[in-house]
**Q** 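Mind having a look at this structure? Questions to follow.
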Amino acid sequence: METVTFDTALGVFGLGWTELGIARLQLPGLEADALAERINRYDAKPGAPTRAIEALITQIEDYAEGAEIDFSNVPLDLQGVSAFHKRAYDLLLTIGWGQTITYGEMARQLGDVTLSRAVGGAMGANPIPLIIPCHRVLASDGKPGGFSAPGGALSKVRMLALEGVSVGTPAGQMTFGF
């Protein structure tokens, strides 16, 4: 896997790809050294972006500036991802800009409302956040719920705000202006 880091209006992102597609994305929030270490784990190494990767970087930069971007057609490399997680990610790719879905609704659409926690697990294990838009999955009360990226639920709220979605403030945290 080859990787690259790049700066955006939201901060520095990390991106990893193989010949099959995007395999890893690191959201902003880590110090530069920690981000580089995380994106380059498991034998990944910095590489030279192809034209397709450069185009995707431009799309991510545009997203970070508030442009409506549809990542649903980006080729993905989900080797090693469980069948259930792949099904959850496929469903999530249908949730577009400015839309949200709850963990429970995803579970229902995947065949069993009792799978809500499994959906949460899939979102927490998402190797390609933003492109597989796990930030669009909310708790049943409309609050953000969890988010495993740096910054936690506040990062999720910030990403949704870029898309024009206002959600409840995470417990114990204050809102902030844009």
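Predicted model only: the values in this text are computed from it and were never measured.
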**Q** Should F71 and L162 be counted in the same cluster of Ile, Leu, Val, Met, Phe, Trp and Tyr side chains packed under 4.5 Å apart?
**A** yes

**Q** Please give me the minimum heavy-atom distance between V113 and G104, naming the atom from each residue.
**A** CG2-O, 4.4 Å

**Q** For residues T100 and V137, determine if any side-chain heavy atom of one lies less than 4.5 Å from a side-chain heavy atom of the other.
**A** no

**Q** Please find the pair of heavy atoms, one from M1 and one from A23, that lie closest to each other, and give the distance.
**A** CE-CB, 3.6 Å

**Q** Give the minimum heavy-atom separation between G16 and T3, together with the two atoms involved.
**A** CA-CG2, 4.0 Å

**Q** Any link between I53 and L35 through a network of hydrophobic side chains (Ile, Leu, Val, Met, Phe, Trp, Tyr) touching at under 4.5 Å?
**A** no

**Q** Test: salt bridge (charged side-chain N to carboxylate O under 4.0 Å, His left out). Region: residues 68-83. Which pairs qualify, not counting sequence neighbours?
**A** none

**Q** Return the CG to CG distance between L92 and L110, rounded to the nearest 0.5 Å.
**A** 10.0 Å

**Q** Can you check whether I60 reaches L25 side chain to side chain, under 4.5 Å on heavy atoms?
**A** yes

**Q** Would you say that more than 12 heavy atoms from the other residues, nucleotides or ligands in this model lie under 6.0 Å from the CG of D141, or not?
**A** yes

**Q** Locate the shortest heavy-atom distance separating A88 from M123; write the atom from each residue and the value.
**A** CB-CE, 4.1 Å

**Q** Under 4.5 Å between any side-chain heavy atoms of I57 and L15, yes or no?
**A** yes

**Q** Taking C-beta and beyond as the side chain, do R158 and L10 meet within less than 4.5 Å on heavy atoms?
**A** yes

**Q** With sequence neighbours excluded, what pairs up with Q59 under the side-chain hydrogen bond (donor to acceptor under 3.5 Å, both in side chains) test?
**A** none

**Q** Is there side-chain contact between L130 and M159, with heavy atoms separated by less than 4.5 Å?
**A** yes

**Q** Roughly how far, to the nearest 0.5 Å, is CG of L160 from OG of S155?
**A** 11.0 Å

**Q** Side chains of V12 and P28: closer than 4.5 Å at any heavy-atom pair?
**A** no

**Q** Do the side chains of I39 and L56 join up, straight or via other hydrophobic residues, at under 4.5 Å, putting them in one cluster?
**A** no

**Q** Report the distance from atom CD1 of I101 to atom CD1 of I95, rounding to the nearest 0.5 Å.
**A** 4.0 Å

**Q** So do M106 and T102 actually touch side chain to side chain, heavy atoms under 4.5 Å?
**A** no

**Q** Could you point out which residue of T18, D90, I131 forms a side chain to side chain contact (heavy atoms under 4.5 Å, CB included) with L76?
**A** I131

**Q** Sort out for me which residue in C134, P129, P144 forms a side chain to side chain contact (heavy atoms under 4.5 Å, CB included) with K156.
**A** P144

**Q** Apply side chain to side chain contact (heavy atoms under 4.5 Å, CB included) to D112 and list each qualifying residue two or more places apart in sequence or on a separate chain.
**A** T114, L115

**Q** State, with a plain yes or no, whether a side-chain heavy atom of P127 is found less than 4.5 Å away from one of L78.
**A** yes

**Q** Please name the pair of heavy atoms, one in Y103 and one in V119, separated by the smallest distance, quoted to 0.1 Å.
**A** CD2-CG1, 3.9 Å

**Q** Applying ring pair (Phe, Tyr, Trp, His ring centres under 6.0 Å) as the test, list every pair that has at least one member in residues 16-52; sequence neighbours left out.
**A** none

**Q** Working to the nearest 0.5 angstrom, can you tell me the gap between T8 OG1 and F6 CZ?
**A** 7.0 Å

**Q** Once you round to the nearest 0.5 Å, how far does OG of S82 lie from OH of Y89?
**A** 7.0 Å

**Q** Can a salt bridge be assigned to the pair E54 and R51 using a cut-off of 4.0 Å between side-chain N and carboxylate O?
**A** no

**Q** Could you tell me which non-hydrogen atom of P75 sits nearest to which non-hydrogen atom of L20, and how far apart they are?
**A** CB-O, 3.8 Å

**Q** Tell me, please, which residues at least two apart from E163 pass side-chain hydrogen bond (donor to acceptor under 3.5 Å, both in side chains).
**A** Y63, H135, R136

**Q** Nearest 0.5 Å, please: how far is CZ in R38 from OG1 in T5?
**A** 15.0 Å

**Q** Holding to side-chain hydrogen bond (donor to acceptor under 3.5 Å, both in side chains), I want the full list of residues that pass it with E37, two or more places apart in sequence or in another chain.
**A** none

